[in-house]
Amino acid sequence: MEQRHLGRTGLRVSRIGLGTLTWGHMDENDAADLLKVFWEAGGTLVDTADVYGDGEAEYLLGRLVERLVPRRDLVIATKAGSVPDPDRRFDGSRGHLLSALDASLARLGTDHVDLWQIHAFDPETPLEETLQALDIAVSSGRARYAGVSNFSGWQLAKAATWQLAAAGTRTRVAGTQMEYSLLQRGVEREVLPAAVDLGVGLLPSSPLGRGVLTGKYRNATPADSRGASEQFAPFVAPYLDDAASRVVDAVAIAADGLAVTPLQVALAWVRDRPGVTAPIIGARNAQQLTAALSVETLSLPDEICQALDDVSAPVHRYPDQDWSTL
């Protein structure tokens, strides 16, 4: 699999990443199959978080590393900052973040993670305090690189600029993880332009529109799908409306014309968008992951990309577009 640099750093990762959001509810043998298939295909980037399965995803990944895959062959990314507190969903305090990192390392069974990410912006904590935790993590060797997740455009720009303002003493923001797909292009308004300008690599989550872009929901909801499960149905539901159906139909038409699958078309589109480093795939089983990894040899023709751009185009109004032309 092709490797790409994460932002303007020396960190190289596979251009498709493996997500572990559901690993806290997954059988260990199934997770082992996923990790083995991913590694054998040349995949290196494995993304997790301390809250996935209340820590079980990290714990499971830690048990599988070395037994199945050499630690040196993986780029392990995790996150901290989300908390199970209805009154405070995010805690970006330095104390919480560094304690969470230590707990993650213990569950993962490693002395460092390759990429440590702030899971979300915490408005209750000064941003410079949150970012200082990144500096401490990197300077102490507990993390090799640092990033953020779910930051808006201004939040990302402020964080990345703050870190660059004292080059050599602060660790730069290497990447930002955000939902991005043909069904969710909101990052194109401000997040992606900020990331490109400041040398921050984008790691798209849910690149298949929470599974909807595969086309499996076009006629009905499969009984074995996440959309049919009590836990994940609300996660899928927002992308089952008429607007999404038009995009899914266009993806299916493109796939028929190229003699490939809708999954491959949707994934190739987001993988090759400007500023994107590596979409994160959350496959349910090895068969699904193998289908996703088969996109490696596919590059979409320009006319197909343009057609998909047009049918899925988000509405950009003042001040998100060039207001001088208004």
Side-chain angles (χ1 to χ4, degrees), residues 3-13 17 44-51 74-83 88-105 108 110-178 187 190-205 275-278 280:
Q3 305 288 302
R4 291 175 172 172
H5 286 275
L6 180 60
R8 213 166 290 153
T9 73
L11 178 62
R12 286 165 56 83
V13 301
T44 62
L45 176 61
V46 181
D47 180 75
T48 188
D50 62 349
V51 292
L74 296 180
V75 175
I76 295 178
T78 194
K79 310 177 198 72
S82 291
V83 291
R88 183 181 186 179
R89 292 187 59 202
F90 310 114
D91 187 345
S93 66
R94 181 175 57 245
H96 170 77
L97 292 173
L98 292 174
S99 294
L101 175 57
D102 290 338
S104 289
L105 294 176
L108 289 164
T110 183
D111 64 353
H112 74 279
V113 291
D114 300 285
L115 176 65
W116 189 46
Q117 303 155 102
I118 305 302
H119 210 155
F121 184 84
D122 175 15
E124 304 299 324
T125 301
L127 181 58
E128 57 269 27
E129 178 182 336
T130 297
L131 296 173
Q132 189 182 38
L134 298 181
D135 300 333
I136 294 171
V138 172
S139 63
S140 67
R142 286 177 279 178
R144 297 295 189 253
Y145 294 86
V148 297
S149 174
N150 298 307
F151 274 39
S152 68
W154 74 263
Q155 292 164 355
L156 173 63
K158 185 177 181 180
T161 302
W162 176 266
Q163 294 302 95
L164 290 172
T169 58
R170 298 177 191 158
T171 185
R172 73 179 300 141
V173 176
T176 180
Q177 188 170 149
M178 301 288 292
V187 297
E190 291 195 342
V191 174
L192 194 52
V196 171
D197 183 70
L198 292 161
V200 178
L202 181 66
L203 300 172
S205 59
V276 168
T277 298
I280 307 297

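All figures in this text were calculated on a predicted structure; none of them were measured in a lab. Positions are given from 1 along the sequence.
- The minimum heavy-atom distance linking V138 with R144 is given by the pair CG1-O, 4.1 Å.
- Contact between A165 and R170 at its shortest, heavy atoms only, is CB-NH1, 4.0 Å.
- In this structure, F151 and F121 approach most closely via the heavy-atom pair CE1-N, 3.3 Å.
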Check step by step if side chain to side chain contact (heavy atoms under 4.5 Å, CB included) holds for T110 and L105.
CA-CA 5 Å; T110 183; L105 294 176; 4.1 Å; yes
Which donor-acceptor pairs under 3.5 Å do the side chains of residues 95-102 make with protein atoms, sequence neighbours left out?
{"unit_1": "S99", "atom_1": "OG", "unit_2": "G95", "atom_2": "O", "d": "3.0"}
{"unit_1": "D102", "atom_1": "OD1", "unit_2": "R142", "atom_2": "NH1", "d": "2.8"}
{"unit_1": "D102", "atom_1": "OD2", "unit_2": "R142", "atom_2": "NH1", "d": "3.4"}

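- For the atom pair CD (Q132) and OG1 (T125), the distance works out to 12.5 Å, reported to the nearest 0.5 Å.
- Annotation: the span from L134 atom CG to T171 atom OG1 amounts to 7.0 Å, rounded to 0.5 Å.
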Evaluate L108 against V113 for side chain to side chain contact (heavy atoms under 4.5 Å, CB included), listing each step before the verdict.
CA-CA 9 Å; L108 289 164; V113 291; 3.7 Å; yes
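- Residues G153 and A194 approach most closely at O-CB, 4.2 Å, considering heavy atoms.
- The closest side-chain donor-acceptor pair between Q163 and D135 falls under 3.5 angstrom.
- Note: N150 CG to L156 CG = 11.5 Å, rounded to the nearest 0.5 Å.
- One finds the CZ atom of F90 at 7.5 Å from the NE2 atom of H119 (value rounded to the nearest 0.5 Å).
- Residues meeting the ring-ring contact (aromatic ring centres under 6.0 Å, His included) test with Y145, sequence neighbours left out: none.
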Between L203 and D47, is the side chain to side chain contact (heavy atoms under 4.5 Å, CB included) condition met? List the steps.
CA-CA 10 Å; L203 300 172; D47 180 75; 5.6 Å; no
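- Between the side chain of S140 and the main chain of A137, a donor-acceptor pair closer than 3.5 Å is present.
- When each of T44, L45, L11 is tested with Q3 by the rule side chain to side chain contact (heavy atoms under 4.5 Å, CB included), just one qualifies, namely T44.
- Within a 6.0 Å sphere centred on CZ of R8, heavy atoms belonging to other residues, nucleotides or ligands number more than 12.
- Two residues are said to be in side-chain contact when any heavy atoms from C-beta on lie closer than 4.5 Å; T130 and I118 meet this criterion.
- Inter-residue side-chain proximity for S93 and D122 is flagged as unmet; no heavy-atom pair is nearer than 4.5 Å.
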Where do L192 and M178 land on the side chain to side chain contact (heavy atoms under 4.5 Å, CB included) test, with the steps shown first?
CA-CA 10 Å; L192 194 52; M178 301 288 292; over 6 Å; no
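- Using a 4.5 Å heavy-atom threshold, the side chains of R172 and L164 count as touching.
- Here CD1 of I76 is found 9.0 Å from OG1 of T48. Values are rounded to the nearest 0.5 Å.
- Minimum heavy-atom separation, E128 to W162: CB-CZ2, 3.6 Å.
- For the atom pair CG of L127 and CD of Q155, the computed distance is 8.5 Å after rounding to the nearest 0.5 Å.
- The heavy-atom pair separating L74 from D114 by the smallest distance is O-OD2, 3.3 Å.
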